[in-house]
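Single-structure report; data block below.
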Amino acid sequence: MATPGGPRPGNAPPNHNPNALANNMQNLQINQPNQQQSSNVGGTAPRPPNTSPFGQQPPPFTGSRPGPPPPGVFARGPSPPSTPAQTTLPPNMVPARPTGPPPGSRPPPFASRPPPSGALPSSMTGTAAPPHSGAGPRPGPFSSSPLTSGPSAPPQMSSHGPVSNGPPAFAPGMTQSGPRFPPAMGGMPRPSAGPPQSTPMLSSGPSSQPLQVRPSFGSPPAGALSSIGQPAPPFSAPSQAPPFSAASQAPPFSASPQNMPPPPGSLPFSPPVPGVLQSSGSPYGMQTWPPQQQQQQVAPPPPIPGAMQKQQMFGMPPGQPPLPNQSMSLGQTGQSKIDPNQIPRLSTSSSVILHETRHDNQANPPPPATSDYIVKDTGNCSPRYIRCTINQIPCTVDLLSTSAMQLALLVQPLALPHPSEEPIQVVDFGESGPVRCSRCKSYINPFMKFIDQGRRFICNFCGFTDETPRDYHCNLGPDGRRRDADERPELCRGTVEFIASKEYMVRDPMPAVFFFLIDVSMNAIQTGATAAACSAISQVISDLPEGPRTMVGIATFDSTIHFYNLKRALQQPLMLIVPDVQDVYTPLESDVIVQLAECRQHLEILLESIPTMFQNNRIADSAFGAAVKAAFLAMKNTGGKLLVFQSVLPSTGIGSLSAREAEGRSNISAGEKEAHKLLLPVDKTLKTMAIEFAEYQVCVDLFITTQTYVDIASLSVVPKTTGGQVYYYYPFSALSDAAKLYNDLRWNVMRPQGFEAVMRVRCSQGIQVQEYSGNFCKRIPTDVDLPAIDCDKTIMVSLKHDDKLQEGTECAFQCALLYTTVYGQRRIRVSTLSLPCTNMLSNLFRSADLDTQFACILKQAANEIPSGPLAQVRDQATNACINILYSYRKFCATVSSSGQLILPEALKLLPLYTLALLKSNGLRTDGRIDDRSFWMNYVSPLPTPLVIPLVYPRMIAIHELDEKELELDDSVIPTSIPLSSEHISDDGVYLLENGQDCLIYVGTSVQQNVLQQLFGISSVEEISNQFILEQYDNPLSKKLNAIVNEIRRQRCSYLRLKLCKKGDSSGMMFFSYMVEDKTPSGLSYVEYLIHIHRQIQSKMT
Ligand SMILES: [Zn+2]
């Protein structure tokens, strides 16, 4: 079974101590890729020697070895790049000391406020010290971009940016454990959708032949087709030339070869109807194309869009094997009787795919993002870090626009590796910093070509020839490569991490600051949200990075803001009140942000007492904007993470909001055109604040625990601009959401992450970055500023041509992320991906990456939602799908029958995913404004592997787990089934998960013994609303619990559990996920295919 979402490391036992992990990481040695050690560091079992899926581990970089010393051993590198870093700010933060009370007749900055009745011991309140006078705004830590100029920049541009040496924040390749999960608890329902559709729509009427699936050409007539009779697929079958020589349990590429029938039992649904062809090309079948094939392809003249002869294979040289695709006969009227089993569906493979990023000096197309794979970096970076929508780059913009596909990268620079993958090597060039092209400033990588006996090198991004720094010189071998190329990670690996030299710093790396800001207004107290937040924070304190660099602070707010002095000297925390919520002050930073080691005890006492202190609070107002601003002022000198727990609509002070949803609601139901404006921030107040936060390296994460509308569209601007994210618990239930809140917070602070980061993507000449999209702040066009970035954050980078590329060459992309680890080291993580350029449209379709393409379509749709009527955005999504399929149909497929819908193999699920997108919370026509806003925020930084399960969740039949599966390893998740109510039976139990929520549906006539085993009840009626999944002592129950835990581990998310049954709102909610069904407002899958087909037909004529 594939594991959508990709494997997540985290095999550590639930009670493992992450701090021990951190300590181990401190001991990691730079540039010593000791596999054993690193594996241990990851909290996983040590890998025995020679059990790497890729065979022999590469030799460590240290030790006796001929040739020059490893990079880390160099005394000096080349001379430093031109201009020294400009220091536009004081070398270190000089905290502005208070100089006295503020001028004028303002109210005292901190009033001593009596604690809410019965609350605070008198010693805990007091008058605060006056606010500090506020140093003038300080520029970010980088006076100019540390990543410096793009390819077009003149040579004199310098590199600057920060650094320090030291151990990695998280060991390269280290695998942080997944969240630790307390016992599963029931979840709250999301708002229910339309009624369940119990009528399968798949045989919709009289007439016509069954849906047929067969390759469009180059194959025998329908009925005679079998896998054996196929022409050689354009992708090499896995059995030929295994890419990995290593002995391994799993076959290197274990998926079925193209057009081979899947092994018995691997189909998620019933076997094919006799006489009807089975689609056999698994979308997730691993495919490699033999390098020589690319080389053999003869490039035809560049295509001229629209000028192609219909029957001519566009870009297809004679004799080339046909593109794998899938065709379906669809009646002109759409009244076809369609066999649902013949529709393209996601099929999954149970085995782990081993992926070498390059083979025979050719880029290997990556496995699907949703599959379970292990990467060996052989020159290109892992697809976990960078994926391209197309794995061959069109030479011209015309070719790209003809294809109608997008050219974009999805970049996830700190993505978690698989536990079995080799750690990222850390390279230290000493004071001179990493070798870079002196013109475009791209970093040394395996594709820079050394010439002239190694004395010079040619940049693969701009073509400039540089002198090799003297200390970095090495002779070339007979193959033209440097003799030390295989020993230097930066010359043989697609991803390396450089120790940043001083030049990359304009101040010392910032400490790890965590500031918690908690809503204690009446609603927050009464719903239990405050108590849940305090409890969660209290529990994660021990998960914060240890050491003197970890600082914490805490404040609460209702209509005023309350800071707490956590100094050890004080017997009990002292409350400092900021009453002015229009012009905010903040107490002394040194009083409210304290080293964790100094205040741990005080913090625990305080967190325990806050809910009681405010238990009788009658203040309903919330000064969210002012509180966030005040916390920011306290953090301004250091930067850090601000974690805000908010329960109501901010109603007072700066940035207060109005309940504009109410006025908008009637508009929406009336299909009012202006409704989308409710999805835009109400004004610029919070955005302006957020930009300032980002400048000072403050990242805001927002935990919304509410039961009402809170205007997420306005609030979310703060996390989005500062590299943070929104968590949404609606309708919040203290009973069922507390566990999720805790786990979300825990993962937030524990996951691998970096601070004060800047990222830039560089491209080879001919291509340039058009736009970045995600959660960040952008002040100059070429770079994105990330006050914080973590392993889960993904940035979409759309690309455009500015020149022609040459067939036969490669086009490279390089992502450089300069960041500070949580332990205070400055690092530059550099990932390089080099892909072949092509003049052939067929190659684009052949090498299209479905998951990445769809992720881009989805993210773009999310970006578009606020800017126009929803109908328009929905049409755009469908049109994007139609245009791609039309291009394929017109230029790449032979025309056999106009009644056939022909889908390129690589993209055959595009219509299904697009339909699912139309039915998602983001694009469905009904639904709440805040739900849609949250969806838009959720998808903005969403990693590629989580995009598909979000719109097309995974569904598993629990009652069908047979003996065999029950005995399998816990980590094995059973094969999923299509999201159609046709597959739901009344006597079944089903689990459905989308990375956020997990629904367990129980049919009305489930056998009593199954109910007893799974839930300890004897009839469906006994199911309680507050469902808690328990583990009973029987194999079925254990397996269900194991599956839920494995899914949580994979997703790095504590899914909310909800038990659903037929006949009530929970059941309706469950059926709303059956995206293949017809709904009152949406087509069935078959109807949608017919719709797409008709549109393509009309474009053809
Ligand atoms: Zn260059």
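Remember, it's 1-based here, ligands and their atoms both numbered in the order they're listed. In this text the structure is predicted, and so the values were computed from the model without any measurement.
Salt bridge Arg481/Asp486: present, at least one basic N to carboxylate O contact under 4.0 Å. A salt bridge between Asp790 and Arg751 is present, with a side-chain N of the basic residue lying under 4.0 Å from a carboxylate O of the acidic one. With respect to the salt-bridge test (charged N to carboxylate O, under 4.0 angstrom), the residues Lys376 and Glu421 do not qualify.
For the Zn ion (ligand 1), the count of nearby protein N, O or S atoms, meaning those under 2.8 Å away, is 4.
A side-chain donor from one of Asn863 and Ser773 sits under 3.5 Å from a side-chain acceptor of the other.
Checked by atom type and distance alone, the side chain of Glu756 never pairs as donor or acceptor with a backbone atom of Gln697 at under 3.5 Å. In terms of modelled atom types and a separation under 3.5 Å, the side chain of Asp785 and the main chain of Glu695 share no donor-acceptor contact.
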